[in-house]
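Here's the structure, in structure tokens; my notes come after.
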Amino acid sequence: MSKGLLIDITKCIGCRSCETACKTQNGLPETTDTDLTASTYTRVMEVGNHFVRKMCHHCVNPTCVSVCPVGAMKKTASGPVVYDQDMCIGCRYCMAACPFQIPRYEWNSAFPRVRKCIMCKDRVAGGLPTACAEACPTGATSFGERDDLIREARERIRKEPDKYVNQIYGFNEVGGTGVMFISDVPFEKLGFRVDLLKEPLPELTWNVLEKIPKVVGVGSTLLFGIWWITNRREEVKRAEAEENEKKNDH
Amino acid sequence: MKFRGFSLPKITFWRVMVALFLILGAYALFVRYTQGLGPASHMTDLFPWGLWIGFDILCGVGLAAGGFTVCAVVYIFHIERFRPIIRPTVLTAFLGYSLVIVALMVDLGRPYRIWHALVFWNPHSVMFEVAWCVMLYTTVLSLEFAPIIFEKFGMKRSMKIMHSISIPVVILGVILSTLHQSSLGSLYLIMPSKLHPLWYTPILPVLFFISAVAVGLCMTIFESYLSHRAFRQELESDLLADIGKIAAVVLAVLLVVRLQDIYTRGAVHFLFERTQEAALYWLELLLGIVAPMILFFFKKIRQNRLGLFVGALMVVLGFVMNRLNVSITGMLRGSQTSYFPSFLEIMVTVMIVALGFVIFSQAVRFFPIFAPSQERSQAAFEPGSLKQPALGPLTSHARSRD
């Protein structure tokens with residue numbers, strides 16, 4: 001049910017049609033940005049003689065969704081990770097926590113928003129491919145069911161094992177991402193982070209957070225208990241002291 | 001106590017400095033609120049949490065940790081000797097948390113939506129938990145501080161009400177503090193690829209908790225010394241020496257936990273690499289934990305006002321270093337970027353610290369914080385105090401011996 005993108009780095013010719021289509025689709029101003037910005041959701045980066053698209057990876061179990069204190073980031077059933085600008089309080093935890101360092105901020109605004117690719121959620125909901133996939137003339141970016149895209153990627157690697165590196169980036173990085181890449185050179189040479197865990201990152205904090213009810217229950221019982229015991233001791237001590245005083249008086 | 005008539009304050013070096021800090025801070029706030037976070041700070045998309053999170057919030061909350069530690073010791077464990085420290089620490093904690101909230105209102109992109117955290121819940125977010133705990137604990141602290149105000153204005157009935165709810169309030173405070181002091185460490189658990197392995201550990205919440213207890217205790221020594229210098233008001237030296245003793249034990253535990261953790265994670269080799277991180281780690285460990293721990297082990301140093309102060313100061317500095325290492329220096333390499341706070345960022349922080357000093361010194365002058373008095377301990381926010389004789393610092397010794 002979850003949609004995604006497969007980006008075949010060997011097929012990208014750097015025409016930047018995806019960038020233009022993205023700007024039009026999302027009503028973003030034309031810029032001369034050389035990286036992602038608050039008004040550039042995707043950018044074709046030149047790495048050596050390769051072109052690598054940079055954008056939100058739309059994680060299957062997204063870190064940004066997990067960390068947002070107010071739930072302004074959401075993973076939709078159809079795949080896109082979307083942002084509700086009316087809920088966001090601007091803590092920027094999503095940016096600090098994103099393992100791919102994707103979300104951008106409107107640093108020069110008095111009423112700033114987080115900005116990132118939302119995988120054309122309205123188009124996707126209407127059964128259309130994303131604007132970038134539709135615009136791509138070479139098939140470097142293809143849109144579809146995540147499971148189908150994995151099958152397709154495996155098929156391409158199987159057919160031309162000498163050409164492709166035997167890895168689908170995003171298959172299990174941080175538990176899997178909606179946007180996946182295949183390449184003819186190792187991913188670390190293209191600036192991809194290859195030190196990421198293979199498990200979803202939200203589990204790292206949930207392991208701790210789920211213990212909170214226990215801390216509250218056991219902790220308060222223990223503290224009340226200690227207070228009760230030591231309080232009783234104080235009372236006994238006080239009573240004994242009073243008794244002694246009486247004796248001394250006589 | 002009489003109200004002093006208003007007259008122009010004497011011009012001193014520190015007063016001029018404080019005035020300057022407040023003016024520069026106000027200018028920084030003007031820039032931040034009219035032009036956005038970008039022009040006011042050096043934060044970037046690759047480094048969205050800067051000095052305000054690292055110092056104002058992480059250190060602010062930690063330095064205020066004495067509030068819950070001392071309340072637990074006196075109210076729950078009934079170690080009566082420490083009662084005289086309660087007021088200065090509760091005041092520090094209340095002030096600390098209030099200033100943390102001020103800093104948060106500066107750092108949040110949309111501060112006016114802070115109430116969203118109350119309405120739109122995401123229990124999977126550590127930030128959500130921290131937000132709730134800090135809010136509730138600030139309420140608890142205001143309840144713990146209220147009796148001092150009630151006493152000042154002779155509000156007997158309010159004092160009685162406070163007295164009757166004191167134990168549940170204190171226990172709530174201890175639980176909430178345990179949760180959010182540790183959770184500030186949990187904030188970073190989700191960034192394993194960004195935080196340097198010297199600091200990234202699954203037990204970050206435990207380390208944050210233990211170090212908060214240590215620094216909370218040392219802040220009482222620190223403040224008592226400064227109050228002595230400034231207004232000749234301070235705590236009993238025997239009491240402070242005992243706090244030094246407890247702090248030494250907490251520091252020892254912290255040291256063992258940290259070393260064991262770094263060993264079991266197989267991160268020892270990072271300690272001996274020629275990196276900035278390793279140097280900072282050593283400095284933080286030696287200056288902030290080992291050195292003061294050794295100092296506090298010596299009775300002569302514990303009983304020397306200056307020695308005790310130097311030890312406490314080391315713990316405070318080491319603590320600040322640790323929080324900045326976790327939030328800034330330890331994050332730089334993993335974030336593949338650089339960051340150094342802007343002048344305006346530093347000015348906001350300096351302004352907030354200056355505000356803390358000003359309010360603390362005014363509060364000490366106006367409210368019975370340090371001064372021991374018979375009625376005070378009768379009337380304070382203390383269980384059993386209405387029944388038992390006064391337990392001011394003067395009588396505490398006689399009691400502790402029997």
Side-chain angles (χ1 to χ4, degrees), chain A residues 35-38 63 65-73 86-97 99 101-114 193 195-197 201-202 204-209 212 215-216 219-220 223-224 226-227 230-231 233-235 237-238 241, chain B residues 33-39 41 43-46 48-49 72 75-78 80 107-111 113-114 116-117 119-131 167 170-172 174-175 178-179 182-183 186-187 189-194 202 205 331 335-336 383-384 387-388 402:
Chain A
D35 199 343
L36 298 187
T37 65
T63 310
V65 172
S66 146
V67 299
C68 179
V70 294
M73 289 281 182
D86 294 326
M87 279 168 98
C88 178
I89 59 173
C91 72
R92 310 185 298 285
Y93 196 7
C94 52
M95 306 174 67
Q101 296 186 284
I102 297 299
R104 294 298 188 262
Y105 207 53
E106 293 178 325
W107 293 103
N108 295 315
S109 164
F111 300 97
R113 297 169 296 177
V114 173
R193 292 204 74 139
D195 57 347
L196 301 177
L197 296 183
L201 302 182
L204 295 170
T205 43
W206 186 242
N207 289 340
V208 176
L209 283 176
I212 287 178
V215 173
V216 173
S220 43
L223 290 173
F224 265 113
I226 293 171
W227 168 78
T230 53
N231 194 42
R233 259 189 227 153
E234 285 286 315
E235 279 172 8
K237 218 189 250 176
R238 218 173 291 138
Chain B
Y33 285 113
T34 52
Q35 296 174 40
L37 287 162
S41 80
M43 290 188 279
T44 60
D45 289 322
L46 298 186
W49 282 0
Y75 293 124
I76 296 168
F77 293 94
H78 282 100
E80 293 290 337
D107 186 76
L108 283 182
R110 305 252 190 159
R113 284 185 184 161
I114 196 164
H116 280 199
V119 183
F120 307 111
W121 291 21
N122 179 15
H124 284 261
S125 167
V126 183
M127 184 76 83
F128 167 77
E129 189 230 325
V130 171
I167 289 300
V170 166
I171 289 178
L172 183 65
V174 174
I175 298 281
T178 309
L179 290 180
S182 56
S183 289
S186 308
L187 281 178
L189 285 180
I190 208 156
M191 311 180 196
S193 57
K194 286 186 187 166
M331 297 282 281
S335 304
Q336 296 165 337
K387 293 172 274 173
Q388 67 194 58
D402 60 41

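Just so it is clear: chains get the letters A, B, ... in the order the sequence lines come, proteins before strands, and each one is counted from 1.
- Contact check for A:Gln101 versus B:Ser335: side-chain heavy atoms found under the 4.5 Å cut-off.
- Nearest heavy-atom pair across B:Asn122 and A:Ser66 is ND2-O, 3.2 Å.
- With chain B as the partner, the residue from A:Leu209, A:Val208, A:Leu36 showing the most heavy-atom pairs under 4.5 Å is A:Leu209.
- Ranked by heavy-atom pairs shorter than 4.5 Å toward chain A, the options B:Leu187, B:Leu179, B:Thr178 are led by B:Leu187.
- Every side chain to side chain donor-acceptor pair (under 3.5 Å) that A:Glu106 has, sequence neighbours left out, goes to A:Arg113.
- A 6.0 Å sphere centred on CZ of A:Phe111 holds no more than 12 heavy atoms belonging to other residues, nucleotides or ligands.
- Ranked by heavy-atom pairs shorter than 4.5 Å toward chain A, the options B:Ser41, B:Ser183, B:Pro192 are led by B:Pro192.
- Your options are A:Gly71, A:Pro99, A:Cys88, and the one with the most heavy-atom pairs under 4.5 Å with chain B is A:Cys88.
- The candidate with the highest count of non-hydrogen atom pairs below 4.5 Å against chain A, out of B:Gln336, B:His116, B:Met331, B:Gln35, is B:His116.
- Looking at B:Thr34, the atoms closer than 4.5 Å to chain A (heavy atoms on both sides) all sit in the backbone: N, CA, C or O.
- For B:Leu37 against A:Tyr105, the heavy-atom pair with the smallest separation is CD1-CE2, 3.8 Å.
- With contacts defined as side-chain heavy-atom distances shorter than 4.5 Å, the pair B:Asp107/A:Arg92 qualifies.
- For the pair B:His124 and A:Pro202, the minimum side-chain heavy-atom distance is 4.5 Å or more.
- Per-residue counts of heavy-atom pairs under 4.5 Å with chain A were compared for B:Leu46, B:Ile114, B:Thr44, B:Ile76; the largest is that of B:Ile76.
- The contact between A:Leu223 and chain B is made by backbone and side chain atoms together, counting heavy-atom distances below 4.5 Å.
- Taking CD1 from A:Ile89 and CZ from B:Phe120, the interatomic distance works out to 11.0 Å, rounded to the nearest 0.5 Å.
- A:Asn207 CG to B:Leu189 CG: the interatomic distance, rounded to the nearest 0.5 Å, is 9.0 Å.
- Annotation for B:Ile175 and A:Gly219: closest pair CD1-C, 3.5 Å, computed over non-hydrogen atoms.
- Judged purely by atom type and a 3.5 angstrom limit, B:Trp49 uses its side chain to pair as donor or acceptor with the backbone of A:Cys91.
- Of the possible donor and acceptor atoms, one in the side chain of A:Arg193 sits under 3.5 Å from a partner among the backbone N and O of B:Ser193.
- Here the closest heavy-atom approach between residue A:Met95 and residue B:Pro48 is recorded as CB-CG, 3.6 Å.
- Side-chain atoms of A:Leu204 and B:Met191, non-hydrogen and from C-beta on, never get closer than 4.5 Å to each other.
- Counting heavy-atom pairs closer than 4.5 Å to chain B, the top-ranked of the candidates A:Ser109, A:Pro103, A:Ala72 is A:Ser109.
- Here A:Thr205 contributes atom OG1 and B:Ile190 contributes atom CD1; the two are 4.0 Å apart, rounded to the nearest 0.5 Å.
- Between A:Asn108 and B:Pro39, the shortest heavy-atom contact is OD1-CD, 3.4 Å.
- Considering only heavy-atom pairs separated by less than 4.5 Å from chain B, the leading option among A:Leu196, A:Ile212, A:Thr37 is A:Ile212.
- Ranked by heavy-atom pairs under 4.5 Å with chain B, the first of A:Asp35, A:Val70, A:Leu201 is A:Val70.
- Residues B:Phe77 and A:Thr230 share a closest heavy-atom pair of O-CG2, 3.6 Å.
- Top candidate by heavy-atom pairs under 4.5 Å with chain B, chosen from A:Ala110, A:Cys68, A:Pro69, is A:Pro69.
- For chain B, no part of A:Val114 is nearby; none of its heavy atoms comes within less than 4.5 Å.
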